[in-house]
Structures are given as C-alpha cells and as structure tokens.
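Contents: one structure, followed by commentary.
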Amino acid sequence: MAMRSGLWSISAIATEFGMDRRTVAKRLEGIDPAGEKSGHSAWRLADVISALTGRAPEQRDEIDEASDKARLMRAKADIAEFEARRLSGELVLVEDAEAAWIDAAARFRARCLGIPSKAAPMVAQEGLPETCHEIIETFIHEALAELAEIDVEGGAPTGGFDAQDVDGDSAAAEADDI
C-alpha cells in the first residue's frame with residue numbers, strides 16, 4: 001500500500017500497476033530504496049515509473065517531444081486525407097450540403113407556389129371535377145419530379161425543368177402576401 005511518506009512497497013506498486021509482484025521486484029533491482037515501510041524496502045513513485053516503463057528520467061522529455069511530433073504528423077496526415085476525400089467528392093462540407101438543400105427547397109417551394117397561377121386558367125375552362133383533378137395532379141407531379149432531379153452538389157435540376165418555366169418568384173411573392 002502507498003505510504004503517507006510517499007513511499008511505495010513492492011506489493012503496493014504491483015497492485016497499482018497491475019503487474020506481478022516478482023516482475024516489479026526484478027525491475028526494481030539496482031534502484032536503491034528511498035526508505036522502509038513496516039520493515040520492508042519502499043520506493044518513491046518517480047523512481048518506480050522509470051524502472052517499470054524502461055525509460056530513464058532524462059529520456060522522458062525526449063520521448064514526450066517525439067510523441068508530440070508523432071501526434072502532429074498524424075494530425076497533418078488526417079487533414080491531408082480529409083482534403084483528398086473532399087476533393088474526390090467522397091466528403092462534403094456541412095455548409096455546402098446545407099446551402100444545396102436550402103436551394104433545392106427554395107426551388108421546390110417556388111414550383112409549388114406557381115401551380116395555382118399556371119393551373120387556374122386551365123381548370124377554369126373545365127367543367128368536370130375529374131379533369132380539374134388531373135390538371136392539378138399533373139402540375140404537382142412535375143414539381144415532385146423536379147425535386148427528385150435536383151443535383152444537390154450542383155444545386156440545379158439534372159434535366160427537364162427550366163427555372164424560367166415557372167412564375168415561381170411572382171407566385172411565391174403573391175403567396176407570401178396572403
């Protein structure tokens with residue numbers, strides 16, 4: 001057990017480091033005890049750590065510096081790997097993905113808000129509810145198809161719908177005033 005004087009017995013050291021008592025005793029050979037506890041030799045923890053880790057106290061600074069350099073090299077390698085994956089298109093920045101989805105939602109909103117102004121003249125000429133339903137449903141399916149075709153990386157539809165095809169801006173503005 002650890003002593004109040006800061007000295008540790010072989011048994012206490014073995015327990016603390018999860019090592020066999022005989023291994024600790026062997027590694028402490030050649031290190032003078034700093035005192036005694038209950039008639040048994042006892043050591044300071046600083047001396048024990050050096051013996052158990054196989055590093056001399058003067059090597060600690062060198063090892064810490066090498067460890068810091070290795071960590072820095074790993075961090076630089078991680079950054080380079082991230083950048084390569086981003087350039088290959090495997091990863092995207094959160095800001096870019098968010099901007100693309102906001103643009104997609106805005107295009108879809110404009111398309112949906114344009115449906116009443118495009119469908120109203122056609123529906124007004126029809127007398128049968130089924131035909132009116134089909135006209136409105138066609139416009140809704142077109143808007144959904146556009147949404148499905150939007151390339152979130154480029155932010156534009158991959159084909160079919162042209163942004164000039166809908167009075168989205170004026171319809172959106174009118175709908176916002178309601």
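Predicted model, so just to flag it, every value in this text is computed and none were measured.
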Practice task
Before accepting this row, confirm whether a basic side-chain N of the pair R74/D78 lies closer than 4.0 Å to the acidic partner's carboxylate O.
Solution key: no

Among all residues two or more places apart in sequence or in another chain, which pass the salt bridge (charged side-chain N to carboxylate O under 4.0 Å, His left out) test with [X]?
X   : value
E90 : R85
D20 : R22
R21 : none

Completion exercise
Between W8 and the options I13, D47, T15, the side chain to side chain contact (heavy atoms under 4.5 Å, CB included) test singles out I13

Contacts of [X] that satisfy side chain to side chain contact (heavy atoms under 4.5 Å, CB included) - sequence neighbours left out:
X    : value
M19  : F17, T23, V24, R27, L52
S41  : P33, W43
F108 : C112, A143, L144, L147
P116 : none

To the closest 0.5 Å, what do you measure between [atom1] ([X]) and [atom2] ([Y])?
X    : Y    : atom1 : atom2 : result
R111 : I115 : CZ    : CD1   : 7.5 Å
L28  : I10  : CG    : CD1   : 5.5 Å
L72  : D68  : CG    : CG    : 9.0 Å
R44  : D32  : CZ    : CG    : 10.0 Å

Practice task
Can you tell me which residue pairs pass the salt bridge (charged side-chain N to carboxylate O under 4.0 Å, His left out) test with a partner in residues 122-137, sequence neighbours excluded?
Solution key: none

Fill in the blank from the handout: Members sharing F82's hydrophobic cluster, built from side-chain contacts under 4.5 Å between Ile, Leu, Val, Met, Phe, Trp and Tyr, are L91, L93

Practice task
Would you mind listing the cluster partners of V94? Hydrophobic ones only (ILVMFWY), side-chain contacts under 4.5 Å, chaining allowed.
Solution key: none

Practice task
Locate the shortest heavy-atom distance separating C132 from V123; write the atom from each residue and the value.
Solution key: SG-CG1, 3.4 Å

Handout entry: For G114 against S117, the heavy-atom pair lying closest together
Key = O-OG, 3.0 Å

Problem - Pairing residues for E29 by the side-chain hydrogen bond (donor to acceptor under 3.5 Å, both in side chains) criterion, not counting sequence neighbours - result: none

